[in-house]
Each structure stands twice: as C-alpha cells, then as structure tokens.
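Below you'll find the structure, written out as structure tokens, and then a few comments.
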Amino acid sequence: MGVSAMTTPTPEAISTPTVVRATNLSKRYGSFTAVDGVTFEVHQGEVLGLLGPNGAGKSTTMRMLYQVTPPSGGELELFGMRSGLDARRIKGRLGVVPQIDNLDEELSVRDNLRITARYHGLTPAESRRKAEALLAFAELEAKATVEVRALSGGMKRRLTLARGLVADPDLVILDEPTTGLDPQVRLTLWDKMDDLKRRGATLLMSTHYMDEAERLCDRLLIMDGGRIVAEGTPRGLIHASLPPFVVEGRLIGGDDTPFRALAVEDARDFVRSGDRVSVFVRDGADALARVLEGGADADRTFVRPSNLEDLFLRLTGHGLRE
Amino acid sequence: MTGHLASIGRVWLRNAWVYRDRWYYGLLPNFFEPVFYLLGMGVGLGFYVSTGGAFDGDYLGFIIPGLIAAAAMNGASFETTYNVFVKLHFGKIYDATIATPVGIEDVTLGEAAWAITRAVIYGGVFLLVTLAFGTAFDARLLGALVAIALVGFAFSALGLAFTSVVPTIDLFSYYFTLFLTPSFLFSDIFFPVAERFPPILATVAEFTPLYRSVQLMRGVMQNGGEGVLLDAGYLLAFGIAFLAFAVWRMRKRMIQ
C-alpha cells in the first residue's frame with residue numbers, strides 16, 4: 001500500500017520532469033580523476049542505466065547525487081535544488097540501494113525498515129505501516145523479527161532494496177544492485193525492479209551486466225574512464241554504432257580469410273582474439289552462408305544479434321569486466 | 001536546527017532499540033562490578049588502610065565517588081570506541097544512515113548522546129549499589145546523576161575524537177591501557193596524588209578529565225558542592241572541544 005504511493009507524482013514533480021541535471025560534473029582525488037566532466041539528465045519516470053566497467057566512475061557519480069561525495073567541479077541539481085546546499089531536503093526525496101549490503105546487523109529485519117523510515121522523518125505509526133508494506137514487497141514477512149545476520153544473501157539484497165523505498169522516493173539510486181548474486185536471486189530482484197518500473201518510479205542504476213541493462217533500462221549512459229562515451233536507448237545505441245548481427249567462429253588451422261572477407265565496409269567490423277573471430281554484418285543469414293562456403297567449420301560458426309558488450313568493446317577498445 | 005535535533009534523537013533511538021533487545025545481558029556484570037570493587041577495595045583493603053585513622057577511618061567512603069566517576073568513564077568509553085568503530089568500519093551502517101536526511105554530524109552527536117545514556121545507566125547502577133555501602137539516600141543522589149552525565153559527556157567526546165582518527169581497532173588498547181588505566185589509578189580515586197608524587201606529576205594529573213570528574217563527584221556527594229562549578233565547567237568545555245573535533249574528523253572521513 002505504502003509502496004504504491006510512490007506512483008503518485010507530487011505537483012512539484014509534474015512541473016519539473018527533470019529529476020537530475022548534471023552539467024560538466026567532475027570529481028578528483030588528488031591527481032586521480034574519478035569523474036571527468038559528465039553531463040546528463042534523469043527524467044521523471046525513466047529507468048536510466050550507467051553502464052561501465054569497475055573504475056568507470058559510476059559509483060562516484062551516484063555518491064555525488066546522494067550527497068555523500070562533494071563534486072570537485074561542474075554543477076548538479078536534483079529536484080530543482082542545488083546539490084550540497086539542500087543536502088538534507090534532497091536526501092529526503094531519494095532512496096539509495098548501495099552496492100554492498102550495509103544493513104544494520106544488530107537490528108531485526110523489521111526494525112531496519114522502521115529506523116530508516118524514522119531517519120526520513122516518518123512518525124512512529126507511519127514507520128510501522130511503511131515497514132509492513134515493504135516487508136510484503138520484499139517477501140520477508142516471515143522474517144520480520146529475525147536479525148539481519150541470519151538472512152541469506154538474496155534476502156539481504158531484497159531488504160536493502162526495500163529499505164531504499166521507505167521514503168516513497170522521487171528517485172531511487174541503485175549501485176550495481178545485482179553484482180555478485182546468483183542467477184536465481186538476480187531474477188527475483190529484476191522482478192522487483194520491473195515492479196517498481198511499472199509503478200512509474202524513476203530509477204538510476206549502475207551495472208556492468210549487459211543483459212540487466214538491456215532488460216531494465218529505458219536509456220543508458222555508457223561510462224569509461226570517468227567520462228560518458230555514449231548515450232541512448234539500449235537498441236538505439238547498438239544500431240547507431242554497430243551492424244545488427246555478429247558472425248562468430250572458432251578457427252581451425254588459423255585461416256581467417258572467409259571471415260575477414262565479410263568486413264568490407266569497416267575494418268573494425270572484423271575482430272580476432274586468438275582462434276576466435278567475430279565479424280559484424282548487416283545480413284546475418286547471408287554472411288553465415290558466405291563464410292560456410294568459404295570453408296568455415298559449420299559446427300563452430302554461428303550468428304547472433306549485436307549486443308551492448310560488443311558496443312562497449314567498440315567504443316572503448318576493452319571489455320566490461322576486466 | 002530542529003531537523004538536526006530530531007536526527008540526533010533518531011540516531012540515539014537506533015541505539016536504544018539495540019539496547020532494548022539485549023540490556024539484560026549487560027546488566028548483571030554492571031551490577032556485580034561495583035559490588036566486587038566495594039567489597040575488595042573498600043571493605044577488604046580499606047580495613048587495613050583506615051586502621052590508624054587515615055581517610056578519617058573510612059576508606060570505603062573515600063573511594064566511592066571516584067569509583068562512580070570511573071564507571072561513568074568506562075560506560076562512555078566502550079560505547080564510543082569499540083562500538084562506534086565497528087559501526088563505522090565493519091558494519092558500514094553510517095554509510096546507510098547518511099544516505100538518508102540524517103547527516104554525519106547528527107550521527108556523531110547522536111552517538112555522543114547515546115554514550116552519555118550508557119554512562120548514566122552504568123554509573124547510575126554503581127551509585128545505587130553504593131547505597132548498600134553507606135551512601136546516604138538524599139537529594140545529593142540527583143546531583144550525582146547530573147555529574148555522571150557530565151563525566152559521560154566528556155569521555156564520550158574524547159572517545160569519539162580518538163575513534164575518528166584511528167585507522168585500526170588494535171589501537172584502542174593504547175587508549176585503554178596507556179590512558180584510561182593510568183587515569184583510573186592516578187586521579188585521586190584511591191589516594192591523594194599530590195601527597196605521594198612530585199608536584200609536576202600531580203599537576204599533570206589535575207588536568208586530566210578523570211581527575212576533574214572525581215573532584216566533581218566528591219564535591220557533589222561529600223563536600224557540599226564545593227568547587228563543583230569549576231569541575232563541571234572544565235568537563236563541559238573539554239567535551240565540547242573534543243566533540244567539535246570528532247564531528248570535523250568524521251565529516252572528513254565519511255564525506256569524500
């Protein structure tokens with residue numbers, strides 16, 4: 001019940017559909033530049049993904065948004081308020097789901113939710129109601145009185161997500177919400193996030209998983225080395241930068257001629273790493289037929305759609321998980 | 001300002017909830033520690049010490065105010081050293097707290113407020129136990145409780161300041177062994193330092209917070225309030241200075 005209140009936009013939110021406006025935002029630690037002049041907006045009701053490898057500046061960008069890292073340069077506005085000046089009011093409208101579960105292990109599951117609600121200024125009665133609603137959302141009713149340390153990893157993650165929702169936030173910031181989770185737990189968490197998305201929540205999430213970004217995000221910022229290197233919808237980004245299909249093969253004897261012959265338009269469309277080759281092509285079926293005619297091993301050659309991993313490699317010259 | 005006060009209160013509340021669920025584990029040792037000290041040092045050792053008229057023949061009475069001050073010191077110190085350090089570094093719970101409208105300065109002051117509460121509980125139980133060993137049941141008990149809170153304030157500030165700068169938990173043994181233990185032994189709890197040590201050492205002792213705490217406690221409980229304003233002022237100023245330092249350091253540590 002309390003959770004659904006999140007879908008009701010406040011009058012303020014309607015008049016300012018831009019939730020976050022970052023202009024040339026940067027963060028330096030001594031001589032190290034973690035975030036190097038990023039400019040972006042988060043719009044009301046969208047799920048914006050920050051995609052990039054470890055060290056790309058995703059977490060630092062998010063920490064600046066939730067007011068625990070002061071920017072070194074640039075401008076940052078949330079809900080029309082200047083970052084830093086109105087930190088308390090800005091944080092009051094945010095929900096934060098950090099990368100590491102920093103739940104309070106000395107409190108029960110329910111009290112973790114209740115105390116966070118109290119931190120947000122809810123009355124004791126409101127906090128209790130909110131905790132019950134979120135226990136249901138996280139499917140943790142049966143664990144309400146259990147201490148957090150007794151929860152499984154997946155339960156902790158669900159509780160951390162639920163905790164981020166206590167204030168009916170106008171923006172939920174999720175820092176790599178599924179990193180390190182086993183596949184089944186990831187799926188459950190995705191369901192919960194789909195749920196939020198359907199209710200119209202505004203989400204900003206970072207990830208280095210392609211499938212997660214493609215499945216959940218309306219729009220992506222691809223980050224590398226503290227900069228935004230591309231921006232767009234997952235499909236749009238791929239289509240703008242890459243041919244739609246990839247022919248992949250494993251070479252026998254090291255002859256890559258049939259594959260190389262496919263990359264006529266752009267030399268970057270041919271990628272070889274050891275005995276594995278990939279060629280980006282416009283017509284997947286036609287290209288497959290041609291490499292097989294050219295002598296490629298049919299059992300070791302296949303066609304798949306281009307994906308964000310390919311795009312990332314194309315844009316940055318390195319993979320996402322290095 | 002009201003936002004800060006409310007936030008400080010909620011950080012205090014979080015600790016109170018944790019304590020509510022496990023206070024009974026701590027209370028028994030809390031009760032027996034003074035019993036053992038008063039029996040061993042006061043009734044036992046005190047018999048020999050007082051024989052011949054030293055300490056007006058009442059060594060037990062002499063050590064009671066100082067032991068209460070030390071109990072308050074210990075309560076505030078454990079809370080603001082080990083407990084805060086674990087929340088800061090291992091549990092990372094302050095990271096979660098400051099992602100809400102609560103700021104790191106609210107967290108620091110809330111922890112101080114809670115440590116004072118622990119000092120009052122700890123010292124208060126000690127005070128109650130001394131009723132069985134000769135402490136009079138009168139209005140001075142209230143004054144003693146206020147004094148306990150002041151001692152708790154000074155040592156919670158010092159503990160937080162120390163915790164805000166130490167990189168590893170191992171260094172707390174320095175704080176306890178090299179600072180709190182000598183404070184306990186040389187703050188006029190068990191004997192007048194100035195009568196047994198060179199004036200320079202006695203002067204050093206007189207400027208330590210536990211010495212002033214013991215003076216305050218004696219002043220309130222036994223000396224009709226003599227000199228208590230000076231001691232209370234000292235502890236207040238001491239606490240404010242170290243708390244300001246702790247807030248500044250915690251901010252540097254958490255907001256970066």
Side-chain angles (χ1 to χ4, degrees), chain A residues 27-30 34 60 62-72 84 86-108 110-112 114-124 127 145 147-149 159-160 163-164 166-167 169 172-173 175, chain B residues 1-26 78-79 82-111 113-114 118 247-248 250-256:
Chain A
K27 180 64 190 181
R28 287 179 295 275
Y29 294 100
T60 308
M62 294 183 139
R63 284 174 57 87
M64 288 194 274
L65 259 56
Y66 63 85
Q67 310 289 301
V68 298
T69 291
S72 317
D86 284 306
R88 182 184 291 266
R89 283 177 63 208
I90 289 172
K91 289 194 290 177
R93 294 175 63 175
L94 292 175
V96 177
V97 181
Q99 190 173 346
I100 310 160
D101 291 315
N102 52 17
L103 295 161
D104 194 327
E105 302 231 330
E106 291 185 283
L107 290 176
S108 70
R110 178 186 276 125
D111 284 349
N112 263 272
R114 280 176 64 207
I115 196 67
T116 309
R118 298 300 305 276
Y119 287 158
H120 274 279
L122 275 67
T123 66
S127 300
T145 57
E147 274 197 18
V148 163
R149 63 181 113 230
L159 179 58
T160 306
R163 187 188 63 183
V166 290
V172 187
I173 296 176
D175 194 358
Chain B
M1 190 61 209
T2 51
H4 281 294
L5 276 180
S7 292
I8 292 165
R10 287 164 194 145
V11 173
W12 181 93
L13 183 70
R14 178 265 167 205
N15 289 317
W17 282 1
V18 174
Y19 187 68
R20 171 200 66 195
D21 293 340
R22 48 189 77 166
W23 61 271
Y24 37 84
Y25 295 121
F78 273 107
E79 207 56 40
Y82 289 106
N83 286 357
V84 168
F85 191 89
V86 166
K87 287 184 257 188
L88 184 63
H89 292 276
F90 300 131
K92 303 261 174 215
I93 70 157
Y94 299 148
D95 294 79
T97 309
I98 64 169
T100 73
V102 177
I104 187 61
E105 57 286 350
D106 305 326
V107 168
T108 313
L109 297 178
E111 289 295 351
W114 175 250
R118 282 307 307 272
V247 167
W248 172 69
M250 289 288 275
R251 201 176 168 80
K252 265 189 81 151
R253 194 159 205 164
M254 298 294 293
I255 308 291
Q256 52 173 296

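Values in this document were obtained by computation on a predicted structure and should not be read as measured data. Lettering of chains follows the sequences in order, A, B, ..., and the numbering in each one begins at 1.
Contact detail for A:Tyr29 and B:Gln256: the closest heavy-atom pair is OH-O, 3.3 Å. For the pair A:Gly92 and B:Pro101, the tightest heavy-atom approach, listed with the atom from each and the gap, is CA-CG, 3.5 Å.
In this structure, the separation between CG on B:Asp95 and CD on A:Gln99 is 12.0 Å, given to the nearest 0.5 Å. Atom CZ of A:Arg88 sits about 5.0 Å away from atom CG of B:Asp106, to the nearest 0.5 Å. Interatomic distance, A:Ile115 CD1 to B:Ile93 CD1, rounded to the nearest 0.5 Å: 9.5 Å. How far CZ of B:Phe90 is from CG of A:Asn102: 15.5 Å, rounded to the nearest 0.5 Å.
Heavy-atom distances place the backbone of A:Leu103, and not its side chain, under 4.5 Å from chain B. Interface residue A:Val96: only side-chain heavy atoms are found under 4.5 Å from chain B. Of the two parts of B:Arg20, only the side chain, counted from C-beta on, holds a non-hydrogen atom closer than 4.5 Å to a non-hydrogen atom of chain A.
By number of non-hydrogen pairs under 4.5 angstrom with chain A, the leading residue of B:Leu13, B:Ile104, B:Asp21 is B:Leu13. When A:Glu105, A:Arg114, A:Arg63 are compared by the number of non-hydrogen pairs under 4.5 Å with chain B, A:Arg114 comes out ahead. Counting heavy-atom pairs closer than 4.5 Å to chain A, the top-ranked of the candidates B:Arg14, B:Met254, B:Arg22, B:Lys87 is B:Arg14.
Checking side-chain atoms of A:Lys91 against main-chain N and O of B:Thr100 turns up a donor-acceptor pair under 3.5 Å.
Within 6.0 Å of atom OH in B:Tyr25, 12 or fewer heavy atoms from other residues, nucleotides or ligands are found, so the atom counts as exposed in its surroundings.
Partners of B:Arg10 according to the side-chain contact (heavy atoms from CB on, under 4.5 Å) rule, which considers only residues two or more places apart in sequence or in another chain, are A:Arg118, A:Tyr119, B:Ala6.
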